[in-house]
Amino acid sequence: MKQPVRVAITGGAGQISYSLIFRIAAGDMLGPDQPVILQLLEIPPALDALNGVMMEVTDCAFPLVHGLFGTDKPEEAFADADICLLVGAKPRGQGMERSDLLKANADIFSVQGKAINDKAAPDARVLVVGNPANTNALIALSNAPDMAPTQFSAMMRLDHNRSLGQLALKADSHVTDIDNLFVWGNHSSTQFPDIQHALVGGTPALECVDRDWYEQSFIPIVQKRGAAIIDARGASSAASAASAAIDQMRDWIQGSQSILSMAVPADGSYGIEPGIMFSFPVQCRDGEYEIVQGFELDDFARSKINETEKELRSEREAVAHLLS
Ligand code: NAD
Ligand code: LMR
């Protein structure tokens, strides 16, 4: 029997967690033979609801759940955590941009960054889902000076999966036939979903779909998919967000052959200077990621990348007081 892995999840009573917790408990993230201890964080007004969620987890009698508790204290939730999923934050409503949430949510991530620094396992992996995810992840990592910045990432996997879904539909193909597709930049309406290097069943994607569709339809659909879901559902994406968080953390920990999209600390790759969390094409192996180098960027791609980088730098300025 493997040692249980401690998984801390914030916003445990929220919508995303209502899918995420149960799928992790079923083994979807760490595998069917990996026991877990679930450490759930909520704010005091949501503790009753969190208790209800924990009652349901107990009632599922999951074989892999070897421990479960809820708390409103970050230092308890992150104690010895191997994996921290930072979901708890306010979602946007209709007509808002994700960056409109910066004021409401930024403080959460400075407090939690400090608690992770002090209490989590030294080699913990942290994934920020709460919006605006990239800049919240930057706040968290800059409040965790004892940890390596590369232990933090922000979720771009939902954008990556949305891109796969849209391209597969248009090319009358299947998501598993698509390689070398990735999303650059911010989890926002400036993100750049890039199919210029993508292959569909081995054929260049831009030979399967026309360039006009790529520029005029595909890019805006993916950029605005979150808002379209809010309009349709009256609430932001939840099950697909949980699924993306599981995909990203599973691949980060267990590795993956494919090139994926992950927002990680910029390190100068592709000319993106340090100081922001930027989504790059990455490959993961054994809990580490590597930015895949060498993709040629034409003027169109470069201008899209510049736009999303500019937005991230201005988000950074808006929270400069929370960065150390
Ligand atoms: P929700 O409102 O249903 O749940 C959020 C939960 O977080 C609530 O239960 C709330 O009480 C809790 N919470 C608030 N502050 C907290 C704190 N300081 N500590 C612990 N818990 C706290 O929202 P949701 O639909 O689950 O979405 C959560 C976040 O994820 C939102 O910011 C949303 O915009 C974001 N999101 C991101 C992506 C992505 O791709 N990065 C996708 C979907 C949603
Ligand atoms: C999404 O992309 O679905 C989430 O970031 C929620 C939102 O506000 O769009």
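Computed from a predicted structure; not experimentally measured. Remember, it's 1-based here, ligands and their atoms both numbered in the order they're listed.
What sits closest to atom 2 (O) of ligand 1 on the protein, heavy atoms only, is P91 CD, 3.4 Å. When only non-hydrogen protein atoms are considered, atom 19 (N) of ligand 1 lies nearest to Q112 NE2, 3.3 Å. Counting only heavy atoms of the protein, atom 29 (C) of ligand 1 lies nearest to V87 O, 3.3 Å. Looking from atom 44 (C) of ligand 1 to the surrounding protein, the closest heavy atom is I16 CD1, 3.4 Å. The protein heavy-atom contact nearest to atom 42 (C) of ligand 1 is A241 CB, 3.6 Å. What sits closest to atom 16 (C) of ligand 1 on the protein, heavy atoms only, is I43 CG2, 3.4 Å. Nearest protein neighbour of atom 8 (C) of ligand 1, counting heavy atoms only, is E42 OE2, 3.5 Å. In terms of protein heavy atoms, atom 1 (C) of ligand 2 is closest to R162 NH2, 3.4 Å.
Using a 4.0 Å cut-off between heavy atoms, K90 contacts ligand 1 through its backbone alone, with no side-chain atom that close. When heavy-atom distances to ligand 1 are checked against a 4.0 Å cut-off, V129 comes that close through both its backbone and its side chain. With a 4.0 Å cut-off on non-hydrogen atoms, I230 touches ligand 2 through its side chain and not its backbone. Of the heavy atoms in S236, only side-chain atoms (C-beta onward) come closer than 4.0 Å to ligand 1. Heavy atoms from both the backbone and the side chain of N131 come within less than 4.0 Å of ligand 1. At a 4.0 Å heavy-atom cut-off, ligand 1 touches H187 through the side chain alone. Using a 4.0 Å cut-off between heavy atoms, M156 makes no contact with ligand 2 at all. Contact annotation: for N131 versus ligand 2, heavy atoms closer than 4.0 Å belong to the side chain alone.
Of the listed residues (G11, S17, A89), the one carrying the non-hydrogen atom nearest atom 14 (C) of ligand 1 is A89. Residue nearest to atom 2 (O) of ligand 2, selected from R225, E97, R98: R98 (by heavy-atom distance). Nearest to atom 4 (O) of ligand 1 by heavy-atom distance, out of A238, A235, G14, is G14.
The aromatic rings of F22 and F62 are tilted relative to each other, their planes meeting at an angle between 30° and 60°. Between F280 and W184, the ring planes are perpendicular. Angles over 60° get that label, and only those under 30° would be called parallel. Between F300 and F192, the two ring planes are perpendicular [angle over 60°; tilted spans 30° to 60°].
Screening S279, S261, S258 for a side chain to side chain donor-acceptor pair (under 3.5 Å) with H160, the sole residue that qualifies is S261.
Near R92, meaning under 4.0 Å from one of its heavy atoms, ligand 2 places the atoms 7 (C), 8 (O), 9 (O). Atoms of ligand 2 found under 4.0 Å from any heavy atom of S236 (numbered from 1 in listed order, with element): 6 (C). Using a 4.0 Å cut-off to heavy atoms of G226, the atoms of ligand 2 that qualify are 1 (C), 2 (O), 3 (O), 9 (O). Counting the atoms of ligand 2 from 1 in the order shown, those under 4.0 Å from a heavy atom of H187 are 1 (C), 2 (O), 4 (C), 5 (O). Within the listing of ligand 1, atoms 9 (O) sit less than 4.0 angstrom from a heavy atom of A13.
Within 6.0 Å of CD on Q257 lie no more than 12 heavy atoms contributed by other residues, nucleotides or ligands. Atom CD of E215 has more than 12 heavy atoms from other residues, nucleotides or ligands within 6.0 Å. More than 12 heavy atoms of other residues, nucleotides or ligands sit less than 6.0 Å from atom CG of D59.
Residues F295 and P281 have side chains in contact (heavy-atom distance under 4.5 Å, counting atoms from C-beta outward). For the pair M277 and L312, the minimum side-chain heavy-atom distance is 4.5 Å or more. At least one side-chain heavy atom of R98 sits under 4.5 Å from a side-chain heavy atom of H187.
Remark: ligand 1 and A133 share no N or O pair separated by less than 3.5 Å (distance only, no angle test). Taking any N or O of Q15, backbone or side chain, at least one lies under 3.5 Å from an N or O belonging to ligand 1.
Rounding to the nearest 0.5 Å places CE of M29 at 11.5 Å from CG of L64. With rounding to the nearest 0.5 Å, the separation of CD1 in I24 from CD1 in I9 is 4.0 Å.
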